[in-house]
Amino acid sequence: MAKRRQSLRTEVTGRTTLEPDPQGMFQAISRIGYQIQESLADLIDNSIDAEATKVLVRFFRDGDRLTDLAVVDNGNGMSAAELQEAMRFGSRNKKASGELGKYGMGMKSASFNQADTLVVVAKKASAVNGRQWTVESIHDGWKLETIDHAGAAALIDRDW
């Protein structure tokens, strides 16, 4: 006689959207444990995936204190819609074979493990777009910030 398998499934009587707590999620994401070299490797992998042939890593300091870090490349760039999706936590972009990104978390978690602001500026064709996450904008309910066109263009056109 075959044993009857018991199930833990029950009848569902309703559904509620339950968004993650921004502060709790941010703490979890920012404490994954990247060392600076691992964070940089993750960001440079994105440049390689974008077929960049040149990648510049620039450290900005005030005395002994690191204030900013820039990873600049000559890759394919992103449209406004592509940039918006790249900034999504857990983005499910289709990856080409050989691309390393899997879960849509690398750029964000690598950045927030080292910093409290992530700025991404991209140019595709002649369109320049910029988006920014800050600790405050995440805590304020996942408010992705759009960088004004002139500011984004100034960053792109900077003499890197």
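Basis for what follows: all heavy atoms, side chains included, without hydrogens, waters or symmetry-related copies.
Hydrophobic cluster membership differs between M78 and V128, with clusters built from Ile, Leu, Val, Met, Phe, Trp and Tyr side chains linked at under 4.5 angstrom. The hydrophobic cluster containing L118 also contains I36, counting ILVMFWY residues as joined when their side-chain heavy atoms lie under 4.5 angstrom apart, directly or transitively. Under a hydrophobic-cluster definition in which Ile, Leu, Val, Met, Phe, Trp and Tyr are linked whenever side-chain heavy atoms come within less than 4.5 Å, directly or via other members, L56 and F59 are assigned to different clusters. In this structure, L69 is not a member of the same hydrophobic cluster as I147, with clusters built from ILVMFWY side-chain heavy atoms closer than 4.5 Å.
Taking the six-membered ring where tryptophan is involved, the planes of W142 and F89 are perpendicular, since the angle between them exceeds 60° and thus also 30°.
Taking a 6.0 Å sphere around CZ of R61, one finds it holds 12 or fewer heavy atoms contributed by other residues, nucleotides or ligands. More than 12 heavy atoms of other residues, nucleotides or ligands lie within 6.0 Å of CD in Q37, so this atom counts as buried by the packing criterion.
The shortest non-hydrogen separation linking G77 to E82 is O-OE1, 4.3 Å. Smallest separation of non-hydrogen atoms from A52 and D73: CB-CB, 3.6 Å. Between V55 and S47, the shortest heavy-atom contact is CG2-CB, 3.6 Å.
R131 is listed as a side-chain neighbour of T146, based on a closest heavy-atom distance under 4.5 Å. Side-chain atoms of R88 and E85, non-hydrogen and from C-beta on, do get closer than 4.5 Å to each other. Between T134 and D140 there is no side-chain heavy-atom pair separated by less than 4.5 Å. The side-chain heavy atoms of K124 and N76, taken from C-beta on, include no pair separated by under 4.5 Å.
Put simply, the side chain of W133 never gets that close to the backbone of I138: no donor and acceptor are under 3.5 Å apart. In this structure, the side chain of D148 engages the main chain of G151 through a donor-acceptor pair within 3.5 Å. A donor-acceptor pair is defined here as one N or O able to donate and one able to accept, closer than 3.5 Å; such a pair exists between the side chain of N113 and the backbone of Y34.
Using a 3.5 Å distance cut-off with no hydrogens or angles, the side chains of N74 and T53 do pair a donor with an acceptor.
When each of V72, V120, V121 is tested with L155 by the rule side-chain contact (heavy atoms from CB on, under 4.5 Å), just one qualifies, namely V121.
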- [ ] Go through Q84 and N129 one step at a time and tell me if the side-chain contact (heavy atoms from CB on, under 4.5 Å) criterion holds.
- [x] CA-CA 9 Å; Q84 187 87 0; N129 297 285; over 6 Å; no

TODO: Just do the side-chain contact (heavy atoms from CB on, under 4.5 Å) check on K143 and E136 with the steps written out, would you?
DONE: CA-CA 9 Å; K143 306 291 189 214; E136 294 81 16; over 6 Å; no

Open item on the list: M107 vs L43, test: side-chain contact (heavy atoms from CB on, under 4.5 Å). Steps then yes/no.
Closed with: CA-CA 6 Å; M107 175 179 64; L43 298 174; 3.9 Å; yes

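Distance check, rounded to the nearest 0.5 Å: CG of D21 to CD of E19 gives 11.0 Å. Note that CG of L40 and CG of D45 are 11.0 Å apart. Values are rounded to the nearest 0.5 Å. Note that CD of Q114 is 9.0 Å distant from CG of L66, once rounded to the nearest 0.5 Å.
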